[in-house]
Amino acid sequence: METVNQLLDSIKDVGRDAVRGGYSRAVYSTAELDLRAWFIEQAQQRGLAVETDRNGIIWAWWGKPQDGALVTGSHLDSVPGGGAFDGPLGIASALAAVDILQSRGTEPRRSLAITVFPEEEGSRFGVACLGSRLLTGAIDVDKALNLRDGDGNTFADVAKGNGLDPRHMGPDSEALGRIGDFVELHVEQGRGLGENGPAIAVGSSILGHGRWKLSIHGQGNHAGTTLMADRADPMVAAGQIIVAVRDTAARQPDARATVGRLTPVPGGTNVIASRVDMWLDARHPDDAVTAALIESIYKAARDIAAGEGCTISLTEESYSGTVHFDPGLSQRISAILPDAPVLATGAGHDAGVLAGHVPSAMVFVRNPSGISHSPEEYVADEDAAIGATALAKVLEGLL
Ligand code: GLV
Ligand code: MN
Ligand code: MN
């Protein structure tokens with residue numbers, strides 16, 4: 001029997017990021033594979049039967065795999081230089097919750113599974129929640145298989161290299177049918193839980209969110225010989241577009257828009273770039289407002305690009321509308337955790353993708369600063385323990 005803190009402690013050296021600090025655990029990197037192996041070993045130590053499905057989702061079963069099971073899970077991959085808790089807290093809490101239930105001699109009335117979803121962050125192949133999207137059919141299989149990582153490897157090739165058969169990837173109604181109810185415990189990623197109040201909350205909704213790629217084309221040239229007046233520099237356009245993204249979103253209540261990644265091509269100190277690719281993450285509760293926001297940003301970007309003698313294109317890479325978690329399941333969880341407030345989140349989760357298909361709900365654990373996707377993400381040991389105990393209670397109540 002191990003506590004959630006002991007479990008997290010046992011993976012604290014896996015995938016440390018030497019540049020930013022925190023963790024870089026991209027899907028199917030050595031770090032993420034080490035974590036998957038760690039999870040399988042932990043599950044087997046608890047007598048759980050482990051299988052990896054055709055989309056690379058790991059299932060650890062307490063009881064026989066069966067339709068309508070109670071499933072809890074999260075992910076082990078991270079953003080580049082992310083925190084210790086986003087993903088692993090849900091997995092470690094699920095293992096600790098099984099320990100608590102087994103030590104009490106709980107006899108599950110239906111099977112319970114812990115799932116580990118691959119590529120929740122979309123840090124390697126660009127589309128978040130790739131595992132749950134494949135499972136549910138929320139992404140076209142060919143589109144998924146043709147996604148490329150930063151080194152040009154296709155998802156199909158990487159999946160193949162990790163023992164999966166790309167021909168069999170995609171919607172899996174059999175696996176999905178096994179989820180009767182899905183509960184994901186996750187670190188809170190805003191300041192929704194005050195320092196002195198309850199340490200946990202029940203999730204209500206996920207903000208609609210999407211990712212778009214903007215490519216600005218200019219004239220690649222020599223940094224020393226090209227007069228300032230003669231340039232068509234896509235980096236100069238990119239800088240102005242980033243400010244326009246910020247300003248456009250700031251004018252729209254409840255909107256968030258971010259450019260967190262930008263690649264100049266070819267990227268040389270003495271080279272005026274030929275092209276700049278930049279990725280936009282935009283979120284708003286109302287899908288129509290998000291669409292209008294993207295349209296305004298694109299219009300501003302086109303004008304800016306033209307002003308710099310450049311052209312621009314925009315491609316939607318993924319979109320997930322606002323999700324409201326299952327009211328019946330969430331109310332049952334609230335009845336089990338009567339002191340837990342109900343909280344919306346601006347972060348995406350596999351529970352949000354699954355919510356369109358099976359009753360899904362979330363439990364959040366306090367992160368006092370609200371900082372996440374950063375090495376400074378933090379959960380106090382006492383709060384992690386409260387979270388794992390709460391998850392055990394929830395699972396027991398739903399089993
Ligand atoms: C995932 O954490 C996201 O919200 O981007
Ligand atoms: Mn995340
Ligand atoms: Mn997460």
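Values in this document were obtained by computation on a predicted structure and should not be read as measured data. Both ligands and their constituent atoms are indexed starting at 1 by order of listing.
Side-chain contact annotation: Gln189 with Asp86, donor-acceptor N/O pair under 3.5 Å present. Under 3.5 Å, the side chains of Arg133 and Ser320 contain a donor-acceptor pair of N or O atoms.
Side-chain contact between Phe117 and Val353: absent, with no pair of heavy atoms (C-beta onward) separated by less than 4.5 Å. Side-chain contact between Tyr28 and Leu164 is present, with at least one heavy-atom pair separated by less than 4.5 Å.
The distance from ligand 1 to the heavy atoms of Ala347 drops below 4.0 Å at these ligand atoms: 4 (O). Under a 4.0 Å criterion applied to the non-hydrogen atoms of Arg283, ligand 1 contributes the atoms 3 (C), 4 (O), 5 (O).
Nearest non-hydrogen protein atom to atom 1 (C) of ligand 1 is Glu121 OE1, 3.3 Å. Nearest protein heavy-atom contact of atom 4 (O) of ligand 1 is Gly348 N, 2.7 Å.
Below 30°, between 30° and 60°, or above 60°: for Tyr319 and Trp212 the angle between ring planes is between 30° and 60°, a tilted geometry. The aromatic rings of His186 and Phe364 stand perpendicular to each other, their planes meeting at an angle above 60°, with 30° marking the opposite boundary.
Checked against the Mn ion (ligand 3), the N, O or S atom of His186 at the shortest distance is NE2. When the Mn ion (ligand 3) is compared with the N/O/S atoms of His75, atom NE2 turns out nearest.
When each of Leu112, Thr72, Leu329 is checked for a side chain to side chain contact (heavy atoms under 4.5 Å, CB included) with Leu398, only Leu329 meets the rule. For the side chain to side chain contact (heavy atoms under 4.5 Å, CB included) with Arg124, the qualifying choice from Arg25, Glu119, Glu32 is Glu119, the only one to do so.
The part of His373 lying near ligand 1 is the side chain, judged by heavy-atom distances below 4.0 Å.
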Yes or no on side chain to side chain donor-acceptor pair (under 3.5 Å) for Thr154 and Asn146, after CA distance, side-chain angles and deciding distance?
CA-CA 5 Å; Thr154 63; Asn146 284 308; over 6 Å; no
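Within the protein, the number of N/O/S atoms found under 2.8 Å from the Mn ion (ligand 2) is 4.
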